[in-house]
Amino acid sequence: MGSQKEPSAHERQLVALGRTLQALREGETVDALVEATLGYLESEFDYVLTWIGLYEHSDHKIQGKGGKTPGGDVALLKQRITLNPGDLFEQVVVQQRPLGVPDLREETRAGDWRKVAQKMNVQGAIIFPIRHKEQCFGVTMLGSSLWGVSPHSDEKARLSTVLGSLAAAIYQMEQENRRQQTKRPDEPLLVLLTKLRSLPTLKQRLELVVTETQRFIAPSRTNIYWFEPQQQYFWRRVSSSTLHGNTDEQAMGITAQEISGFYQTLAADQ
């Protein structure tokens, strides 16, 4: 039998890329996704500086998630960076296009990263957006000890594939979180109806309605009023405040005259 052929450099690259893409598909947290991406960048590309920061849309800031520098771990790798007009990172986030920096040591728009570059002799740098569906989720910065370095076409293709997969995975996680946080009224309503059938008294049923309303809608208080047609008066029968032993400053009742418009709407069954 002949000796087994050693895999070529290209084949090894494909294997590493495949493993990383699988890790991105199977990652269950954002931190796990970032860790897999950083591991790939650090092992497959010859850059002395690697950094990933995720974009916080509400605050227009970037939260550093980690990476490596020539001098070891620095605080800036995990710091939050405020984006200001004209900054390098702000430009990448807004335009969603890669940006090359010939010499990070001389780049005034790099903020505190310029000081790191000066201290650790990081020169050429490339900043990539982490984007999916026209939405930017963060940035990746790769820095070299050489001036004006730029990735080859093959490197660009692999970087685009991995960073695009990272963005897509983050997007899917955010969508799933939104889906889980979306309140579905049918589910708690069915549970409530089932519980109501098991309670023997009207008072207990009303108290349960108040409790479940508080839990689902989360208002400051929930009151149930009973109407006395002869006196044209709504009297408060159950309150969330009294259920929890709190002092309720609201009036114990409301006359129909006080809410005449609302009362006419109720009377018309509207």
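Bear in mind that the values here come from a model prediction, so they are computed numbers and not experimental data.
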With heavy-atom distances below 4.5 Å as the criterion, would you say the side chains of [X] and [Y] are in contact?
| X | Y | answer |
| --- | --- | --- |
| V48 | M120 | no |
| L104 | M141 | yes |
| L142 | L159 | yes |
| L33 | M173 | yes |
| Y55 | L83 | yes |
| N121 | R105 | yes |
| W51 | L77 | yes |
| R158 | Y40 | yes |

Can you tell me how far [atom2] of [Y] sits from [atom1] of [X], rounded to the nearest 0.5 angstrom?
| X | Y | atom1 | atom2 | result |
| --- | --- | --- | --- | --- |
| E212 | L193 | CD | CG | 11.0 Å |
| K133 | Y171 | NZ | OH | 5.0 Å |
| I81 | D87 | CD1 | CG | 9.0 Å |
| Q91 | R97 | CD | CZ | 8.0 Å |
| E90 | H60 | CD | NE2 | 4.0 Å |
| E174 | H57 | CD | NE2 | 6.0 Å |

Within the distance-only criterion (no hydrogens, no angle test), does the side chain of [X] pair as donor or acceptor with the backbone N or O of [Y] below 3.5 angstrom?
| X | Y | answer |
| --- | --- | --- |
| R236 | N223 | no |
| S160 | K156 | no |
| Q63 | K78 | yes |
| R114 | T108 | no |
| Q96 | E134 | yes |
| Q123 | D103 | no |
| E228 | Q230 | no |

Please evaluate residues E155 and E44 with respect to the criterion side chain to side chain contact (heavy atoms under 4.5 Å, CB included), reporting the C-alpha separation (whole Å), side-chain torsions for both, the decisive distance (0.1 Å), and the verdict.
CA-CA 9 Å; E155 290 181 334; E44 295 299 312; over 6 Å; no
Check the pair T194, L190 against side chain to side chain contact (heavy atoms under 4.5 Å, CB included), reporting the backbone distance first and the verdict last. CA-CA 6 Å; T194 302; L190 291 173; 5.5 Å; no
Considering non-hydrogen atoms only, spot the tightest contact between [X] and [Y] and give its length.
| X | Y | value |
| --- | --- | --- |
| A167 | I130 | CB-CG2, 3.6 Å |
| P129 | P98 | CD-N, 3.7 Å |
| Y225 | M252 | CE2-O, 4.3 Å |
| C136 | G138 | SG-O, 3.3 Å |
| A36 | T20 | O-CG2, 4.0 Å |
| L38 | G67 | CD1-N, 3.8 Å |

Hey, quick one: are [X] and [Y] part of the same hydrophobic cluster, counting side-chain heavy atoms closer than 4.5 Å, chains of contacts allowed?
| X | Y | answer |
| --- | --- | --- |
| L24 | L41 | yes |
| V210 | L196 | yes |
| L199 | L192 | yes |
| I126 | V101 | no |
| L76 | Y47 | no |

Around [X], counting heavy atoms of other residues, nucleotides and ligands shown, do more than 12 lie under 6.0 Å from its [atom1]?
| X | atom1 | answer |
| --- | --- | --- |
| H152 | NE2 | no |
| F45 | CZ | yes |
| E176 | CD | yes |
| W147 | CH2 | no |

| is_close_aromatic(F227, F234), centroid dist under 6.0 Å |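 So the answer is yes for these two rings.
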Open item on the list: Could you check whether E42 and T50, counting side-chain N and O atoms only, form a donor-acceptor pair closer than 3.5 Å?
Closed with: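 The answer is no; no qualifying pair exists.
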Would you say the side chains of R178 and Q175 form a donor-acceptor pair under 3.5 Å?
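Looking only at side-chain atoms, Q175 and R178 do form a donor-acceptor pair, the distance falling under 3.5 Å.
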(request) Would you please test R205 and V209 for side chain to side chain contact (heavy atoms under 4.5 Å, CB included) and show each step? (result) CA-CA 6 Å; R205 293 176 182 179; V209 169; 5.6 Å; no
Can you check side chain to side chain contact (heavy atoms under 4.5 Å, CB included) on L88 and V139, steps first, answer last? CA-CA 10 Å; L88 292 179; V139 296; over 6 Å; no
